[in-house]
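Comments concern the structure below.
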Number of protein chains: 2
Amino acid sequence: MDTRERLIESTRELLWERGYVGTSPKAIQARSGAGQGSMYHHFRGKPDLALAAIRRSADELRAGVEAVFSGPGTVVERVTTYLRWERDLLRGCPVGRLTQDPEVMADPDLRRPVEEVFAWLTDRLAGLLAEGRADGELDARLDPLTTATALVSVLQGGYVLARAAASPDVYARAVDGALGLLAPAAPGKGNR
Amino acid sequence: MDTRERLIESTRELLWERGYVGTSPKAIQARSGAGQGSMYHHFRGKPDLALAAIRRSADELRAGVEAVFSGPGTVVERVTTYLRWERDLLRGCPVGRLTQDPEVMADPDLRRPVEEVFAWLTDRLAGLLAEGRADGELDARLDPLTTATALVSVLQGGYVLARAAASPDVYARAVDGALGLLAPAAPGKGNR
DNA sequence: GTCTATACGGTGATAGAC
DNA sequence: GTCTATCACCGTATAGAC
């Protein structure tokens, strides 16, 4: 991995752990093993480097979700896989985390990838739910868009509660509760 | 409002807007109108002042929720009021926000009020849902604890999505989706 | 209680040598 | 491409006068 790459990956980790406001160029240099001069050679400054890191995290999130949503299984199965698939629960969501950062939200360039990926995700999930509804798999009374928004929120909020409790179990409970609401009648569908 | 009080209130606002990592003593002094010496007279330092601010925010959250949950109305009505009651959507939750702050989570003293209030909230809501289930108002298959965890998550995650989209409507959609899942058959219950 | 002075390390860069 | 030097300001205090 070359220096530029190490800088981006180190920045991604630090943004995840500490946010933009809590991440200094010095910390990035220390973690990546790059010197001061190297960092400013490859990037114009902290915002420029953060933009590269944020874009990559957003792209990765999108690709991971798309792989699950376009995979095999019924709609409920795919949604279940998506909700249960998240790892690193106590570290939170690398993209959702950025919404709490005042400087990311204040900078249109840094903000855009965050905004776009959540808009895409909600829409993509709504499409999946609409499919399930058309198939008769889901209750016809469910509105795809609002239900999708609620499910993505459960995921993001589950991270918050898991961190508050310092326990991944809380995330699992949030997801179980959501799946119980989504498919109350589903017997033995892995709905623990 | 005396100086000590203004220091606490200013710190609460700044923790809300910028988190602990993003809030400097200097910014607190500027917002509160207190001088350097004043701040260190009333508090031992930034962590001490932050602790007072966090405790107060947690207490306020608890009191507000309790007022709604112990108020009049059916269980679904009270849950609906709670979920729709949140204001300042784009500012996020003053307590939930702190779960994203590495230094708050790393300090047991600062962390405790956050942990406790979410544990209390989830439990309190689970009790309310159990009541609704016993009354026959809610589906008997709903598990109170996991459902309560999911609902609190929708709220916290709704803030995240609303901030990502810079639009309170997204929060409203998340809540509508959750309420649609909770009481799918409820006709004309304000379930827009 | 509040003020000013002082301190030491960190932040976010720029300049120029190698 | 990477290194070291330098910089002006900020972060988080402590000390002591008023």
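So that the names make sense, note that chain A is the first sequence line, chain B the second, and so on, each numbered from 1.
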Worksheet item: Judged by modelled atom types alone, do B:Gln29 and B:Gln36 share a side-chain donor-acceptor pair under 3.5 Å?
Response: yes
Practice prompt. Name all residues meeting the ring pair (Phe, Tyr, Trp, His ring centres under 6.0 Å) criterion together with A:Tyr171; count only those two or more places apart in sequence or in a different chain, and write none if there are none.
Written response: A:Tyr159
Item to complete: Measure from NZ or CZ of A:Arg18 to the centre of the six-membered ring of A:Trp16, then state whether that distance is under 6.0 Å and the direction lies within 45° of the axis.
Response: no
Worksheet entry | Members besides B:Val21 in its Ile/Leu/Val/Met/Phe/Trp/Tyr cluster (side-chain heavy atoms under 4.5 Å) | A:Val21
Discussion item. Could you tell me how far apart A:Ile28 (CD1) and C:dG12 (P) are, to the nearest whole angstrom?
Written reply: 9 Å
Item to complete: Would you tell me if any nitrogen or oxygen in the side chain of B:Thr3 comes within less than 4.0 Å of OP1 or OP2 on C:dG1?
Response: no
Item to complete: Starting from P on D:dT12, measure out to CZ on B:Phe43 and report it in whole angstrom.
Response: 16 Å
Discussion item. Using the ring pair (Phe, Tyr, Trp, His ring centres under 6.0 Å) criterion, which residues pair with A:Tyr82? Sequence neighbours excluded.
Written reply: A:Phe69
Practice prompt. Using whole Å, report how far CD of B:Glu5 lies from P of C:dG1.
Written response: 14 Å
Worksheet item: Of A:Arg97, A:Arg12, A:Arg91, which meets side-chain hydrogen bond (donor to acceptor under 3.5 Å, both in side chains) against A:Glu17?
Response: A:Arg91
Practice prompt. May I have the distance from B:Gln29 (atom CD) to D:dT14 (atom P), rounded to whole angstrom?
Written response: 13 Å
Discussion item. Whole angstroms only, please: what is the OH-P distance between A:Tyr40 and D:dT6?
Written reply: 18 Å
Item to complete: Could you tell me the separation between the CZ atom of B:Arg18 and the P atom of D:dC10, rounded to a whole number of Å?
Response: 13 Å
Discussion item. Rounded to whole Å, how long is the line connecting atom NE2 of B:His42 with atom P of D:dA13?
Written reply: 17 Å
Worksheet item: How large an angle, rounded to 10°, do the end axes of the helix from C:dG1-D:dC18 to C:dC18-D:dG1 enclose when each is built from five base pairs?
Response: 0°
Worksheet item: OP1, OP2 of C:dT11 versus side-chain N and O of A:Lys26: anything below 4.0 Å?
Response: no
Worksheet entry | Out of C:dA13, C:dT2, D:dG11, whichever nucleotide has its closest atom nearest the side chain of B:Pro25 | D:dG11
Worksheet entry | Criterion side chain to side chain contact (heavy atoms under 4.5 Å, CB included) against A:Ser57, the qualifying member of A:Val114, A:Val95, A:Ile8 | A:Val95
Item to complete: Round to the nearest Å and state the distance from A:Asp48 atom CG to C:dG12 atom P.
Response: 15 Å
Practice prompt. Counting heavy atoms from C-beta on, name the nucleotide in C:dG12, C:dT2, D:dA13 closest to the side chain of A:Lys46.
Written response: C:dG12
Worksheet item: Which residue pairs pass the salt bridge (Lys or Arg N to Asp or Glu O under 4.0 Å) test when at least one of the two sits in residues 154-169 of chain A, sequence neighbours left out?
Response: none
Discussion item. It should be established whether A:Ser24 places a side-chain nitrogen or oxygen under 4.0 Å from OP1 or OP2 of nucleotide C:dG10.
Written reply: no
Using nucleotides 3-8 of chain C, report all nitrogen or oxygen pairs with the protein that are shorter than 3.5 Å.
residue, atom, partner, partner atom, Å
C:dC3, OP2, B:Gly35, N, 3.3

Worksheet item: Linking I/L/V/M/F/W/Y whenever any side-chain heavy atoms sit under 4.5 Å apart, do A:Leu14 and A:Leu110 land together?
Response: no
Worksheet entry | B:His41 vs A:Met39, nearer the 5' end of DNA chain C by closest nucleotide | B:His41
